[in-house]
Every structure is written in structure tokens, then in C-alpha cells.
Amino acid sequence: MNRYTIYCTEEQTRKAFELGAPIEIFNADGNIEIIEPTAEQMIGWLRKEMKLAISIDYNIQNNILVWFYSIFNFAYSNTFSEPEEATLAAIDAALDYLVNNKLLK
């Protein structure tokens with residue numbers, strides 16, 4: 001099942017951690033490692049804790065299934081060929097919005 005899991009990027013994880021996301025950290029042999037959250041976990045945090053209305057959806061354009069995201073009031077994407085791309089792009093847009101507007105929890 002792991003091959004169907006979408007993990008956040010290192011940059012997304014760092015930004016979310018700086019914004020106060022409850023990201024797990026552990027110390028292995030003196031090295032601190034951050035456990036990268038899944039996209040589902042990140043979007044859940046963005047929705048519930050940061051109060052962002054994020055939507056990942058699809059449409060058919062010229063008989064081709066395309067994916068897009070919207071974040072209520074400030075972002076709407078172009079189309080993506082895969083839902084994973086739209087999901088990670090939505091997370092990027094949401095985190096950038098929070099960082100740029102200094103909307104810390």
C-alpha cells in the first residue's frame with residue numbers, strides 16, 4: 001500500500017513545521033530526523049487547524065480527465081494530469097499563503 005501513499009516534500013514538511021504543525025521528530029543515534037507526513041495528514045492539518053477550505057477535484061476537458069485544486073478565497077490551480085500533482089500543488093499553495101501572510105497558529 002505504500003506505493004499509493006503521497007508523502008509531502010521535504011520543503012513542505014519544513015514549512016509546516018515552522019508554522020507549528022505537529023510533525024513527528026525522532027533522534028536516531030544523535031541525528032534528528034523529521035518524519036515526512038502524508039499529503040492526507042497535511043491537508044487534514046491545513047483544513048482543521050489552519051481553517052483552509054482545500055478541495056482537490058477533477059473535470060473532463062477534451063475527453064481527458066484532468067485534476068485541479070482550489071483553496072477558498074485565494075487560490076485556484078491550472079489543471080494537472082495526476083491527482084498526486086494537484087494534491088502536492090495545493091499543499092504548496094496553502095503553505096505559501098500561510099507563510100506569506102504570517103498566519104501562524
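Positions are given from 1 along the sequence.
A donor-acceptor contact under 3.5 angstrom links the side chains of Gln41 and Thr38, judged on distance only.
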Would you check, one step at a time, whether the test side chain to side chain contact (heavy atoms under 4.5 Å, CB included) holds for Asn101 with Phe74?
CA-CA 12 Å; Asn101 291 287; Phe74 69 88; over 6 Å; no
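Salt-bridge annotation for Arg14 and Glu18: present, with a side-chain N of the basic residue lying under 4.0 Å from a carboxylate O of the acidic one.
Residues Tyr76 and Val66 do not share a hydrophobic cluster, clusters being chains of Ile/Leu/Val/Met/Phe/Trp/Tyr side chains in contact below 4.5 Å. Using a 4.5 Å cut-off between side-chain heavy atoms of Ile, Leu, Val, Met, Phe, Trp and Tyr, with links allowed through other members, Ile71 and Ile56 fall into the same hydrophobic cluster. At a threshold of 4.5 Å between side-chain heavy atoms, the hydrophobic network of Ile, Leu, Val, Met, Phe, Trp and Tyr places Phe72 and Tyr69 in two separate groups. Both Leu19 and Ile43 sit in one connected hydrophobic cluster of ILVMFWY residues. Membership requires side-chain heavy atoms under 4.5 Å apart, directly or through other members. In the hydrophobic clustering of this structure, Leu88 does not group with Tyr7; members are Ile, Leu, Val, Met, Phe, Trp, Tyr whose side-chain heavy atoms approach within less than 4.5 Å, directly or through other members.
Shown here is Phe17, whose CZ atom has no more than 12 heavy atoms of other residues, nucleotides or ligands within 6.0 Å. Other residues, nucleotides and ligands contribute more than 12 heavy atoms inside 6.0 Å of the CD atom of Glu33.
Using a 4.5 Å heavy-atom threshold, the side chains of Gln61 and Thr79 count as touching. Contact annotation: the side chain of Cys8 approaches that of Ile91 to within less than 4.5 Å [non-hydrogen atoms, C-beta and beyond]. Residues Ile34 and Glu24 fail the side-chain proximity criterion, which asks for heavy atoms closer than 4.5 Å. Here the side chains of Asn59 and Leu65 are not in contact, with every heavy-atom distance at 4.5 Å or above. Contact annotation: the side chain of Ile23 never approaches that of Ile35 to less than 4.5 Å [non-hydrogen atoms, C-beta and beyond].
The shortest heavy-atom contact between Gln12 and Met42 is O-CE, 3.9 Å. Minimum heavy-atom separation, Glu36 to Thr13: CG-OG1, 3.8 Å. Counting all heavy atoms, side chain and backbone alike, Asn63 lies closest to Ile60 at CA-CG2, 3.7 Å.
With sequence neighbours left out, the salt bridge (charged side-chain N to carboxylate O under 4.0 Å, His left out) criterion links Asp96 to Lys15.
In this structure, Phe80 has its ring center at least 6.0 angstrom away from the ring center of Trp67.
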